[in-house]
Protein chains: 2
Amino acid sequence: MNITIYDVAREANVSMATVSRVVNRNPNVKPVTRKKVLATIERLGYRPNAVARGLASKKTTTVGTIIPDVSSIFFSELARGIEDIATMYNYNMILSSSDQNKEKELQLINTMLETQVDGIVFMGGTVTKEHVEEFATSHVPVVLAATQDVTETIPSVNIDYEAASYEATMYLINNHKGIPAFISGRDHTMIGDYKMRGYKRALSESHLDVKDTYIVEGSYSYDSGMKAIKELLALDTPPKSVFVSSDEMALGAIHGAQDKGYNVPKDIGVFGFDNTRLATMVRPTLSTVVQPMYDIGAVSMRLLTKFMNKEDVEEKKVILPHRIIERHSTK
Amino acid sequence: MNITIYDVAREANVSMATVSRVVNRNPNVKPVTRKKVLATIERLGYRPNAVARGLASKKTTTVGTIIPDVSSIFFSELARGIEDIATMYNYNMILSSSDQNKEKELQLINTMLETQVDGIVFMGGTVTKEHVEEFATSHVPVVLAATQDVTETIPSVNIDYEAASYEATMYLINNHKGIPAFISGRDHTMIGDYKMRGYKRALSESHLDVKDTYIVEGSYSYDSGMKAIKELLALDTPPKSVFVSSDEMALGAIHGAQDKGYNVPKDIGVFGFDNTRLATMVRPTLSTVVQPMYDIGAVSMRLLTKFMNKEDVEEKKVILPHRIIERHSTK
DNA sequence: ATGAAAGCGCTAACAA
DNA sequence: TTGTTAGCGCTTTCAT
């Protein structure tokens, strides 16, 4: 079979404990011995078995991350942030897509717990009591990335979605005529709610009416953005601007409007959300809310490492700064 | 601590072997006993420890996948294909980004081997002898996805890049005036070579000269596509069409041309490669080579499961079909 | 159909 | 500084 710590010990004339020490960089080894051991490790091509180590030490140095969809432009950027920090701290990462399906999410949590991951970063629509209960069946720390938790008990990293949406809508109100429309995500998630709330607050503070026909539901996809804008433009008095809750839908909205012969931003201003790479890959370039996705991932993972090390954490709910960026799809 | 198989055995008045049998769906258990065991598993909330199982059985049911960059639109689509099939066959997936950095790739392979993964799906620029040697230090099967291997020894799933490029270039030759230009990837990978070869073959078979100034190197990024097209358009006799080796660069090329006042496709036709979602998220929509990314991932993983099960595999190098799709950026 | 017992390869006291 | 020795929680013969 494979070379084990035993083989190395025998060949180097030391005990397995000593080999274990040098592999784990324990300082209590005489330099000469260390050298000898290292040499025979090299010679035999010994590779420590992480599974055995995991069983003995009760630590696997792997973290689980649950993501709605790896192939999503938005979430994969988050995943990269998580991964980079995980790598930095020498953790492996098990990655699974949930499609925001609750059953699947629960199932994945369970599987990851079986795998004895040392921690979990969770991204999803909303975390419910059931999620929390599932998490609680084990004692591994969990951090939510760009995800809200109805129980408000789990550490998380987010931006202030309500404020961001408020600012974006305000921008539209100040730079375009009339009442801005809103293309929401189809999901009835907390984040979706916050965005809606920010939109409505901006209107009401500006003494503008919330018109039901100006609020249309998309599904975060390009096509749904296109469909939504067409509905809006077919109205008797179409809006002069629209706040769209994701960049991808915003691109759909821009192209949908253009396909109908409208000029963006002259006839209709479009404001996105996220600032994914798509925002600059469209003409006109997209004004949008900057959500620091990579950072959210990175900070989440960093936070998780602290929990895994049982360090004290001052703030369990971190809110990262956001800002709006003005490009050419508005004004 | 946690509930172990011992606890269940004791509570159910059976041996741990029996518990193990019911957990593993071994048929040699009397229905009554099974029921009893299942009940106490439920009651105690027992969750099998996958690490212990892995140590005892020498199988972890996890596969490693190495990807250049999770946040890449192209590769993350592949990853989703891999993941879906992995899930279907009950494998976990460890995912790591390599940035196409050889040292990092070698390092990741090593780490994954330590983790005792049952198999590896590798995506990257080119697989060298060193990669192969590293793979060989263990006996886990490896499959390359959308990746070429200089030693031609490792199972892989690809499309015929040379033929695809040939066809795309031919299309340009037949539908646009003059000699098509070519924006390549910066990488000197085998796939890059194949694309170049296909491009050149199309020209030579059409009795057209290969002009050095018409071949410019990009880096697969949007910006590099933009930069490249500007170089091309600044030539004394700019090309009337350009074949671009990735969709993302092609978008950059389209916008770069448009920003300079050129009309796509009238003044210059643009042909992409990959058919990522971007291809329809641009105006004019992008004519491109359809590379079935999800399928490449899925087939790779399926192939890997066969190797892991030690099934016989007829064809170790699978070539998936490709096609070109005509949209509005050409003709 | 069920149980006993020997590992799997390593870590982590504890001893020396 | 080094070695001895229990486990870690499970699978897997081998008996019964």
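Small disclaimer: the values here were computed from a predicted structure and weren't measured. Naming: A, B, ... by sequence-line order, numbering from 1 per chain.
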Work out how much the helix from C:dA1-D:dT16 to C:dA16-D:dT1 bends between its end axes, five pairs an end, to the nearest 10 degrees.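 Computed angle between terminal axes is 30°.
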Residues in side chain to side chain donor-acceptor pair (under 3.5 Å) contact with B:Arg302, at least two apart in sequence or another chain: B:Tyr89, B:Thr305
Checking A:Tyr6 now: which residues fulfil side chain to side chain donor-acceptor pair (under 3.5 Å) with it, not counting sequence neighbours? none
For the side chain of B:Arg21 and the base of C:dG3, is some donor closer than 3.5 Å to an acceptor across the two?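 Checked by distance alone, the answer is yes.
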Please work out which residues in residues 22-41 of chain B have a non-hydrogen atom less than 4.0 Å from an atom of DNA chain D and list them by number.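 Nucleic-acid contacts, sorted: B:Asn24.
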Can you tell me if the side-chain N/O atoms of [X] get under 4.0 Å from OP1 or OP2 in [N]?
X       : N      : result
A:Lys58 : D:dG9  : yes
A:Lys59 : C:dT11 : no
A:Tyr46 : C:dC10 : yes
B:Ser15 : C:dA4  : no

Give me the residues of residues 111-120 of chain A where at least one heavy atom lies under 4.0 Å from an atom of DNA chain C, by number, or none.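 Heavy-atom cutoff 4.0 Å gives no residues at all.
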Selected nucleotide, minimal atom distance to A:Ala52 side chain, candidates C:dG9, D:dG9, D:dG3: C:dG9
Indicate, with a heavy-atom threshold strictly under 4.0 Å, whether B:Ser20 touches base, sugar-phosphate, or nothing.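 Counting heavy atoms under 4.0 Å across all strands, the contact made by B:Ser20 includes a base.
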Please tell me whether A:Gln148 and A:Tyr161 have a donor and an acceptor in their side chains that are separated by less than 3.5 angstrom. no
Using a distance-only test with no angle check, is there a side-chain donor-acceptor pair under 3.5 angstrom linking B:Gln116 and B:Thr60? no
Which residue pairs pass the side-chain hydrogen bond (donor to acceptor under 3.5 Å, both in side chains) test with at least one member in residues 37-55 of chain B, sequence neighbours excluded? A:Asn110-B:Arg47, A:Thr137-B:Arg47, B:Glu11-B:Arg43
